[in-house]
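Accompanying notes for the structure given below.
Just so it is clear: chains get the letters A, B, ... in the order the sequence lines come, proteins before strands, and each one is counted from 1.
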There are 4 protein chains.
Amino acid sequence: MSGGSRAGTSGGGRPGRPRSAEADLAILDATRTALVELGWSKLTMGDVAARAGVAKTTLYRRWTSKSELVVDAVAVLFDELELPDRGSLRADVEGVVRQFAALLERPEAKTSLMAVVAESTRDDALRGRIRAAIVERQKRLVLQGRERAQARGELPREPDPSAAARHADLIFDVIAGAVVHRLLVSGRPVDPAWARDLTTLLLGGLTTVGQTP
Amino acid sequence: MSGGSRAGTSGGGRPGRPRSAEADLAILDATRTALVELGWSKLTMGDVAARAGVAKTTLYRRWTSKSELVVDAVAVLFDELELPDRGSLRADVEGVVRQFAALLERPEAKTSLMAVVAESTRDDALRGRIRAAIVERQKRLVLQGRERAQARGELPREPDPSAAARHADLIFDVIAGAVVHRLLVSGRPVDPAWARDLTTLLLGGLTTVGQTP
Amino acid sequence: MSGGSRAGTSGGGRPGRPRSAEADLAILDATRTALVELGWSKLTMGDVAARAGVAKTTLYRRWTSKSELVVDAVAVLFDELELPDRGSLRADVEGVVRQFAALLERPEAKTSLMAVVAESTRDDALRGRIRAAIVERQKRLVLQGRERAQARGELPREPDPSAAARHADLIFDVIAGAVVHRLLVSGRPVDPAWARDLTTLLLGGLTTVGQTP
Amino acid sequence: MSGGSRAGTSGGGRPGRPRSAEADLAILDATRTALVELGWSKLTMGDVAARAGVAKTTLYRRWTSKSELVVDAVAVLFDELELPDRGSLRADVEGVVRQFAALLERPEAKTSLMAVVAESTRDDALRGRIRAAIVERQKRLVLQGRERAQARGELPREPDPSAAARHADLIFDVIAGAVVHRLLVSGRPVDPAWARDLTTLLLGGLTTVGQTP
DNA sequence: CCATAATCGAGACGGTACGTCGCGTCTTCGG
DNA sequence: CCGAAGACGCGACGTACCGTCTCGATTATGG
């Protein structure tokens with residue numbers, strides 16, 4: 001979780017005292033709590049360490065920067081994303097929209113997501129971490145929704161895989177981007193009416209896009 | 001510009017030495033330069049002041065935080081946005097998409113925009129400043145494009161003004177959101193093909209949305 | 001008072017608006033008040049100006065530094081020093097001791113005297129101002145006391161004027177120095193017993209010194 | 001030395017990295033050097049830190065104000081004070097006078113002593129620090145001189161201990177006060193003639209005072 | 001009766017230093 | 001080797017005063 005580099009628990013193990021797994025959890029918990037309380041810019045490594053009842057050293061041994069720590073702390077929220085089958089493409093799309101919105105309205109996510117994205121414009125490693133921990137988890141829903149719609153016959157199967165990827169990327173950027181923009185830039189809620197309108201726009205556009213290779 | 005709080009042209013001018021207009025310009029210039037060089041997180045108030053040949057106090061007298069300063073410094077970039085009439089709704093939409101993208105690929109904008117949005121999740125005054133200085137300037141293009149399309153007869157005139165506003169907001173969130181997400185989150189360029197695809201999706205969806213009040 | 005450089009009121013007077021005499025008094029008053037409240041190190045020029053209801057410019061036009069201002073503000077306290085004839089050398093000496101002490105126990109004086117002396121170790125102009133405004137006023141009492149004692153026949157007249165000056169200087173340094181040291185360094189009060197003891201010591205020593213030219 | 005608050009030699013030493021003793025010495029050295037170069041009022045904490053090759057925080061961790069730092073830095077000068085037995089009371093007294101004077105003519109001392117005394121009029125903790133670090137070291141010489149004179153039979157032993165203390169305090173205030181006043185207020189040197197005159201006055205007065213309980 | 005000129009208040013200006021905060025590293029001790 | 005504790009060098013923060021400089025508005029004298 002923290003870096004994917006833990007030695008396996010079995011098989012000898014390296015010498016010396018092993019790292020405390022409790023510490024990891026305590027730190028990530030503390031990070032989320034502090035994010036809600038303080039927001040991104042007031043959050044400090046020292047404060048997180050203190051809340052977690054852990055020394056700063058322990059923290060830096062696992063995460064080298066605030067950004068990486070926050071990405072990992074927030075990532076778990078995106079594990080909750082799931083796409084229950086609602087029976088129709090329209091219902092599924094609307095479900096995705098609302099799940100994205102629900103997640104982004106949680107203060108931990110709202111406060112930190114834009115901030116780490118901003119940081120990542122100058123830090124490729126961070127960008128990779130964000131993609132792996134967050135973006136791909138979101139994208140999975142879009143892909144899953146398309147798969148179902150195709151199984152239902154609501155959408156044709158795209159024979160060209162690269163075109164298929166292009167379309168999925170576009171849909172994803174539109175859904176995620178529109179929701180984020182609505183919430184954080186326009187500063188207005190994602191209410192049912194707006195979710196429905198966005199869905200309608202997407203469904204209307206989907207066919208058109210599909211037809212123009 | 002700096003605060004919108006000048007005493008106004010009438011009256012007799014308030015007592016004391018007036019603020020230096022040169023300083024304002026020098027500071028905003030210095031801010032943009034420093035943003036390009038250092039990025040948001042390495043940018044410091046003291047550095048900006050030094051570059052502008054100005055005392056730190058002069059800077060704090062006008063802007064109370066880095067965020068506000070950067071918003072004002074970046075705002076002028078968004079004044080350049082214009083919508084030349086390209087003859088058709090499709091061409092105009094694509095033009096808007098590419099202008100947004102071109103702006104967001106400038107390092108001053110890319111680095112700072114997400115950061116100030118992140119800050120604004122905890123600061124309503126900042127949110128307002130962003131809206132006034134940046135968002136409204138972008139939205140204007142969308143409104144102007146619709147107006148032209150209606151004049152050309154490509155789009156029907158929406159009789160209900162609140163529905164009209166809702167639709168315009170949606171279109172704006174989709175365009176701006178998708179472009180931002182593509183560039184900063186997905187980390188891929190807004191090339192002509194993608195711009196065309198997004199435009200196709202929007203045009204396909206526009207009619208659908210319009211029909212469902 | 002402020003600089004001794006005013007052109008005489010009569011005989012033309014220079015052009016332009018004359019300086020406000022009220023301002024001078026208000027400033028010196030404000031200085032004393034602020035000294036009592038804040039002490040030397042917390043006293044600021046801006047604060048004095050504000051208390052006096054005067055612009056900083058007005059203040060700097062008259063005094064170039066905090067030290068000079070404070071010397072002038074405190075000087076008037078030393079004008080009150082007087083030596084009523086108490087009928088005997090012993091009584092007069094004790095009177096001088098107690099007057100010095102009474103003055104130095106006033107907070108304006110206590111706080112500022114040592115401070116300006118400290119400043120004067122690096123500033124000859126200030127040293128001169130202190131001597132003229134404060135030290136000479138104190139010394140006058142010692143000279144006057146000796147004069148009376150000589151008139152009474154309690155002390156012989158010293159024929160050599162330079163020896164006379166030397167002795168007076170010594171006595172003065174001893175009285176003033178001992179009182180200051182007692183109050184500010186040792187931090188103990190100049191009570192009647194101590195004043196009597198010092199006087200006794202001085203009277204005992206006076207004859208001895210006088211005899212060794 | 002730095003604050004007298006070390007945990008003591010017993011126990012086990014408190015947790016965490018211990019404070020650097022080198023830093024303490026470097027800071028006090030730097031303070032003395034800077035005092036000579038700049039004087040009290042131009043001395044800044046930042047400058048001292050830089051000279052000592054130390055961070056400002058390290059400095060503030062040990063001393064909370066310029067005054068306290070300077071007291072500790074100057075205190076070591078007063079450790080050098082010693083009273084070699086010169087064979088007679090007169091010679092010993094004159095020795096004390098000249099040692100005080102020699103010390104006060106060193107620029108570190110001259111510049112700072114009055115300043116910290118001035119500060120101490122508003123700060124009891126500082127006053128205590130001054131007394132412990134400086135005044136008591138001086139006073140020791142006076143007590144030692146009296147002891148020797150009594151051993152030699154030049155002075156009677158005072159049976160009443162409180163009267164003995166009172167007399168010693170008086171002598172000390174007179175010597176130290178007179179020397180300080182001569183040097184810093186009157187601004188004249190403590191030359192041999194003046195030292196002899198002061199000594200004569202003291203010796204003449206000593207007997208008198210002793211006789212009046 | 002106006003021109004000249006120094007004053008006044010106000011407050012912005014370029015600076016310097018402040019004392020604090022957070023960073024990320026290091027040094028200690030104990031487990 | 002880990003972990004807590006905490007000192008360390010560093011760099012930025014935002015504030016306080018400094019002493020100077022415009023401003024417009026007074027208030028004198030002198031032509």
Side-chain angles (χ1 to χ4, degrees), chain A residues 13-20 22-23 41-50 52-66, chain B residues 12-20 22-23 41-47 49-50 52-62 64-66, chain C residues 12-20 22-23 42-50 52-66, chain D residues 11-20 22-23 41-50 52-62 64-66:
Chain A
R14 39 182 179 187
R17 174 172 172 178
R19 287 191 182 167
S20 156
E22 293 175 37
S41 62
K42 306 280 182 192
L43 181 77
T44 70
M45 297 295 266
D47 187 69
V48 170
V54 145
K56 273 197 296 174
T57 332
T58 302
L59 215 158
Y60 280 109
R61 218 170 269 136
R62 292 160 163 78
W63 293 275
T64 66
S65 75
K66 190 162 93 168
Chain B
R14 40 181 176 188
R17 178 175 173 174
R19 290 195 179 164
S20 159
E22 290 177 38
S41 63
K42 307 279 180 192
L43 181 78
T44 69
M45 297 295 264
D47 186 70
V54 144
K56 262 197 301 177
T57 38
T58 299
L59 217 158
Y60 280 109
R61 214 171 276 126
R62 293 161 163 74
T64 64
S65 75
K66 193 162 90 167
Chain C
R14 42 180 178 184
R17 177 172 173 176
R19 289 192 181 164
S20 156
E22 291 176 37
K42 306 280 182 193
L43 180 77
T44 70
M45 297 294 266
D47 187 70
V48 169
V54 145
K56 273 198 297 174
T57 333
T58 303
L59 215 158
Y60 280 109
R61 214 170 272 131
R62 293 159 163 77
W63 293 277
T64 66
S65 75
K66 190 163 93 167
Chain D
R14 42 180 173 186
R17 178 175 175 174
R19 290 195 180 164
S20 158
E22 290 177 38
S41 62
K42 307 279 181 193
L43 181 78
T44 69
M45 297 295 263
D47 188 69
V48 169
V54 143
K56 260 196 304 176
T57 39
T58 299
L59 218 157
Y60 280 109
R61 215 171 275 129
R62 292 161 164 75
T64 64
S65 75
K66 193 162 91 166

Q: Measure from CD on Glu22(D) to P on dT27(E) and round the result to the nearest Å.
A: 12 Å

Q. Side chain to side chain contact (heavy atoms under 4.5 Å, CB included) with Ala49(C): which residues, sequence neighbours excluded?
A. Lys56(C), Leu59(C)

Q. Going 5' to 3' along nucleotides 3-9 of chain E, which nucleotides have protein heavy atoms under 4.0 Å from the base (write B), which only from the sugar-phosphate (write S), and which from neither (write -)?
A. --BBBBB

Q) Hey, which of these two, Met45(B) or Lys66(C), hits DNA chain F nearer its 5' end, going by closest nucleotide? A) Met45(B)

Q | Set of side chain to side chain contact (heavy atoms under 4.5 Å, CB included) partners for Ser65(B), sequence neighbours left out | A | Ser67(B), Glu68(B)

(Q) The criterion is side chain to side chain contact (heavy atoms under 4.5 Å, CB included); which residues satisfy it with Arg17(B), sequence neighbours excluded? (A) none

Q: Check side chain to side chain contact (heavy atoms under 4.5 Å, CB included) between Thr44(B) and all other residues, then give those that pass, not counting sequence neighbours.
A: Asp47(B)

Q: To the nearest Å, give me how far apart OH (Tyr60(A)) and P (dC2(F)) are.
A: 18 Å

**Q.** Nearest-angstrom distance from the residue atom NZ of Lys42(A) to P of dA12(F)
**A.** 18 Å

Q. Between atom CG in Leu59(D) and atom C1' in dC10(F), what is the gap in whole Å?
A. 15 Å

**Q.** side chain to side chain donor-acceptor pair (under 3.5 Å) partners of Ser41(A), counting only residues at least two apart
**A.** Glu119(B)

(Q) So Met45(C) and Val48(C), do their side chains get closer than 4.5 Å, heavy atoms only? (A) no

Q. Hey, which of these two, Gly46(A) or Ser65(D), hits DNA chain E nearer its 5' end, going by closest nucleotide?
A. Ser65(D)

